[in-house]
Amino acid sequence: MRDLYQKVSCSLGDILNTEYPDFEISLPLWEISSKEEFGDFSTMVALKVASKIKEDPLEVAAKIKEKLKKKLPEIDNIGILKPGFINLFFPKEHLISSFNKLLREREEYFASKKEKNVLIEFVSANPTGPLSIAHGRQAVVGDVIANILEFSGNKVTREYYVNDEGRQIDLLVESVGERVKEIEGKNFSLPPDGYLGEYVKIIAQEVIKQKPKDLKSFVIPFILSWIDRDLRDLGVKFDTWESQKELIDNGKVEEAVDFLKKKRLTEEKEGALWFLSTRFGDDKDRVLIKKDENYTYFSSDVAYHKYKMERKFNKLINLWGPDHHGYIKRVKAAVKALGFKEEVLEIIIVQLVAIKTKQRMSRRKGTAIPLYDLVKEVGADAARFYYLMRKNSSHLEFDIDKAKEISFENPLYYVQYAHARICSVFKKAGVNNIQLTHTKFLKDEKEFLLLRKILQLSCCLDKAYNTLEPVFLIEYLKNVAACFHKFYEERRILDEEANVRLARLNLLEATRIVLACGLNILGIKPMEKM
RNA sequence: GCGCCCAUGGCCCAAUGGAUAGGGCAUCUGGCUUCGGACCAGAGGGUUGCAGGUUCGAGUCCUGCUGGGCGCGCCA
């Protein structure tokens with residue numbers, strides 16, 4: 001389907017270039033038809049062109065159709081509908097040959113070879129406590145974006161940036177210290193903005209047990225081990241953990257600041273050192289070194305991004321929470337000032353998880369809902385699927401009191417059920433490996449409905465890849481499952497005569513491959529029974 | 001005060017300025033002596049927050065209003 005899609009896109013692009021050179025082409029030209037009666041692919045370029053040149057859309061569509069017919073003689077059915085849509089119907093032989101290829105190559109059929117070296121940084125929550133369910137979304141979305149990139153042939157490094165330096169860390173360590181005193185029965189007083197969560201007491205107990213020499217260098221790794229464990233329980237594993245403290249200790253921050261200084265992009269004023277970020281599109285200049293001679297968080301971030309670039313990645317992706325929205329301009333400014341191309345860095349804002357409770361989630365106040373509670377309650381797979389059900393930019397409603405319903409009503413099980421049903425049919429049929437013949441015995445319209453649907457996976461993956469939105473894969477898998485369940489209800493498989501039976505078993509196997517492929521990319525294990 | 005985002009059936013969400021505004025949950029009605037009923041088929045439910053405007057065409061774009069969320073540190 002992918003090769004067909006590309007061919008069809010090129011043909012249409014050529015026609016537009018020669019017939020309507022003034023028309024600016026915006027991709028994608030074709031989209032998967034929203035309804036079966038609209039064929040395999042639809043386009044509304046005729047409408048766009050017509051509005052630009054003030055002609056009748058239907059006439060433009062007719063003209064384009066004639067040109068398309070000449071370029072694509074193998075496609076016998078091209079339709080035009082009401083306002084000016086052009087719809088393509090692929091002949092069955094095309095679908096059958098794609099079907100054969102799919103069965104031969106299996107998941108590989110949908111893979112591609114982009115061969116970029118990508119760094120994706122996500123979660124990066126301060127090590128000041130266990131991860132919350134809000135971080136869970138960042139973790140799963142980042143992980144699945146990484147999977148999508150990997151499946152498309154890129155080399156991907158998953159990185160967690162550890163903010164192990166600064167005021168929040170000091171506050172937490174101080175809070176632990178006071179809790180230690182409390183447990184030991186001494187006088188204690190929590191700092192004004194100290195951390196109030198119960199976990200602080202757990203750490204304090206651990207401190208008493210292990211009696212570390214230095215509190216800070218004990219507490220942070222301890223919390224990081226929690227974070228790592230919670231992420232693994234969710235099925236997310238990082239390749240590298242970059243420490244902010246190490247960037248400072250290794251002189252990388254100093255180096256980055258000096259670099260900007262030498263380029264005369266800094267200025268001393270009011271006792272502080274400022275980066276002239278307004279020269280690169282920022283709203284105001286930013287402090288690099290504070291009056292008290294300490295580096296700001298921003299200055300280590302400049303160094304961090306410099307260090308990212310130096311590691312020879314051709315694409316950097318950052319996943320941030322919406323609270324960092326105002327931070328984008330200054331980091332992009334820094335990237336430009338450091339002499340790198342701005343487009344290399346892509347920043348995705350993943351919205352927070354909205355909680356249906358009166359109280360606001362705060363880790364410091366100890367009111368955040370821990371990620372491990374959710375995973376314990378519903379399991380990693382259901383949590384992952386649920387997290388991916390909205391676009392990155394959409395708020396995700398999350399009612400923790402309904403966590404059990406999340407697992408029971410999770411559409412994941414609709415998809416898993418389709419996979420398990422297919423496995424069950426194979427078990428009943430008593431076949432282990434399917435022969436790749438008999439695909440030519442697919443004749444029934446119901447069969448082709450399902451076949452068309454499963455072949456769309458490559459287009460769906462392209463869309464998810466281009467937009468970095470895993471939600472399209474979720475929607476697609478729900479769609480495939482629905483299509484399969486319907487087919488299963490309408491047509492028998494095992495009690496048909498031999499040729500049809502084998503053809504349908506092949507169709508089921510292809511459907512199973514598609515479902516498994518999609519689920520694997522989502523980091524979810526397909527179930528053979530449930 | 002400045003800036004950003006959101007408002008779509010009872011609830012949660014879809015819909016690159018384009019095809020009859022779609023789907024899930026909930027409600028109601030049907031469907032297993034037959035490959036798994038965690039399924040399928042069907043029904044009801046909408047003036048897309050309000051008022052204008054732009055055009056062949058507006059849920060989508062512009063202006064104003066109402067109601068909600070968030071960001072605006074030499075915090076991290």
Side-chain angles (χ1 to χ4, degrees), chain A residues 26-29 31 33-35 37-38 42 44 46-48 50-51 54-57 81-85 87 124-126 128 163-171 193 244 269-274 283-284 286-301 321-327 349 351-352 354 356 360 364 389-391 393-399 402 405 408-418 420-429 467 471 475 478-479 481-482 484-496 501 504-505 508 527 529-530:
Chain A
S26 62
L27 296 168
L29 290 173
E31 60 185 23
S33 302
S34 52
K35 290 182 185 168
E37 66 213 74
F38 299 151
S42 305
M44 47 193 188
L47 286 162
K48 301 283 181 199
S51 84
K54 307 272 180 211
E55 274 182 34
D56 182 4
L81 238 52
K82 269 180 282 176
F85 289 95
N87 297 320
S124 299
N126 294 356
T128 54
N163 300 146
D164 48 1
E165 191 62 63
R167 205 176 106 80
Q168 295 302 320
I169 293 294
D170 293 342
L171 263 177
D193 287 320
Q244 182 191 3
K269 89 190 156 193
E270 298 158 29
L273 185 75
W274 298 69
D283 303 321
K284 56 188 214 179
R286 308 291 171 179
V287 172
L288 291 169
I289 302 177
K290 297 187 264 185
K291 219 185 306 186
D292 65 7
E293 296 184 353
N294 282 316
Y295 288 111
T296 56
Y297 172 79
F298 175 61
S299 66
S300 49
D301 232 8
D323 50 331
H324 280 64
H325 192 268
Y327 204 75
I349 297 291
Q351 281 290 338
L352 286 179
K356 263 195 176 169
R360 215 192 114 118
R364 194 171 50 70
M389 278 172 23
R390 301 272 180 282
K391 271 203 258 187
S393 57
S394 300
H395 293 265
L396 177 61
E397 191 80 17
F398 212 112
D399 188 338
K402 290 188 177 168
E405 287 176 37
F408 197 69
E409 289 164 7
N410 200 313
L412 166 64
Y413 294 103
Y414 184 75
V415 177
Q416 289 281 28
Y417 186 48
R421 258 184 161 175
I422 293 172
C423 293
S424 167
V425 171
F426 276 104
K427 211 170 159 193
K428 198 98 179 176
T467 57
V471 69
E475 290 303 316
K478 278 157 63 175
N479 236 291
F484 164 74
H485 285 309
K486 194 174 162 77
F487 176 75
Y488 183 87
E489 208 75 25
E490 287 170 339
R491 291 290 183 267
R492 308 290 301 167
I493 293 139
L494 299 180
D495 7 292
E496 296 290 340
R501 174 185 152 116
R504 288 189 180 166
L505 281 170
L508 258 60
M527 295 166 84
K529 60 181 180 188
M530 48 197 291

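All chains are named by letter (A, B, ...) in the order of the sequence lines, taking the proteins before the strands, and each is independently numbered beginning at 1. All values reported here derive from a predicted model rather than from experimental measurement.
Comparing rG18(B), rA76(B), rC74(B) by their nearest atom to the side chain of Glu270(A) picks out rC74(B). Listed nucleotides rA76(B), rA19(B), rG18(B) differ in distance to Arg167(A); the shortest reach to its side chain belongs to rA76(B). Here the nucleotide nearest the side chain of Lys48(A), chosen from rA19(B), rA76(B), rG18(B), is rG18(B).
No contact: Ser393(A) has no heavy atom under 4.0 Å from any strand. Tyr414(A) comes within contact range of the sugar-phosphate backbone alone, with a heavy-atom separation under 4.0 Å but no base atom that close. Within 4.0 Å of Asp170(A), counting heavy atoms only, lies no atom of the nucleic acid at all.
Residues Asn163(A) and Ile169(A) have side chains not in contact (no heavy-atom distance under 4.5 Å, counting atoms from C-beta outward). No side-chain heavy atom of Arg390(A) sits under 4.5 Å from any side-chain heavy atom of Val471(A).
Dense packing is recorded around CD of Glu37(A), with more than 12 heavy atoms of other residues, nucleotides or ligands lying under 6.0 Å away.
Rounding to whole angstrom units, CG of residue Asn479(A) and P of rC13(B) are separated by 21 Å. Across the protein-nucleic acid pair, Tyr327(A) atom OH and rG73(B) atom P stand 13 Å apart, rounded to whole Å. Straight-line distance from the CG atom of Asp283(A) to the P atom of rG71(B): 17 Å, rounded to whole Å. Rounding to whole angstrom units, CG of residue Asp323(A) and C1' of rG3(B) are separated by 16 Å. Put simply, CZ on Arg390(A) is 14 Å from P on rG24(B), counting in whole angstrom units. Put simply, NE2 on His324(A) is 23 Å from P on rG3(B), counting in whole angstrom units. The NZ atom of Lys290(A) sits 9 Å away from the C1' atom of rA76(B) (whole-angstrom rounding). One atom, CG of Asp193(A), and another, C1' of rG73(B), lie 14 Å apart when rounded to the nearest Å.
Comparing rG68(B) with rA76(B), their P atoms sit 34 Å apart, to the nearest whole Å. rG42(B) and rC25(B): their P atoms are spaced 15 Å apart (whole Å). Between rC74(B) and rA15(B), the distance separating the two P atoms is 38 Å to the nearest Å. Straight-line distance between the C1' atoms of rU66(B) and rG49(B): roughly 8 Å, to the nearest whole Å. Between rU20(B) and rA7(B), the distance separating the two P atoms is 24 Å to the nearest Å.
rA7(B): Watson-Crick or G-U partner is rU66(B), with both key distances under 3.5 Å. Of all nucleotides present, none satisfies the Watson-Crick or G-U wobble test against rG17(B) with each distance under 3.5 Å. Across every strand in view, rU33(B) sits unpaired, with no contact that passes the Watson-Crick or G-U test at under 3.5 angstrom. As the counterpart of rG42(B), rC28(B) is assigned, both hydrogen-bonding distances of the Watson-Crick or G-U wobble pattern falling under 3.5 Å. Pairing partner, rG71(B): rC2(B), with both Watson-Crick or wobble hydrogen-bond distances short of 3.5 Å.
Using modelled atom types, no side-chain atom of Arg501(A) and backbone atom of Glu496(A) make a donor-acceptor pair closer than 3.5 Å. A side-chain donor-acceptor contact under 3.5 Å links His485(A) to the backbone of Tyr414(A). Within the 3.5 Å criterion, the main-chain N or O of Leu412(A) finds a donor-acceptor partner in the side chain of Asn410(A).
Residue Glu37(A) is the one, among Glu37(A) and Ala272(A), whose nearest nucleotide of RNA chain B lies closer to the 5' end (criterion: closest heavy atom). In terms of position on RNA chain B, the residue among Lys478(A) and Glu31(A) whose nearest nucleotide sits closer to the 5' end is Glu31(A).
With centres under 5.5 Å and a plane angle under 30°, the ring of Phe85(A) is stacked against the base of rA19(B).
Donor-acceptor pairing under 3.5 Å is recorded for the side chains of Ser300(A) and Gln244(A).
Interface remark: the Thr296(A) side chain does not form any donor-acceptor pair with the rA76(B) base, using a distance-only criterion of under 3.5 Å.
Residue Lys486(A) places at least one side-chain N or O under 4.0 Å from the OP1 or OP2 atom of rA41(B). Between Lys269(A) and the phosphate of rC74(B), there is no side-chain N or O to OP1/OP2 separation shorter than 4.0 Å. OP1 or OP2 of rA14(B) has at least one side-chain nitrogen or oxygen of Ser394(A) nearer than 4.0 Å.
What you find for Leu47(A) and Gly84(A) is that their closest heavy atoms are CD2-N, 4.1 Å. Of all the heavy atoms in Ala429(A) and Leu494(A), the pair that sits closest is CB-CD2, 3.5 Å.
Ring orientation note: the planes of Phe298(A) and Tyr327(A) are nearly perpendicular, at an angle over 60° on the 30°/60° scale.
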statement: Under a 4.0 Å heavy-atom criterion, the protein footprint on nucleotides 26-36 of chain B, written with B, S and -, is -----B--BBB

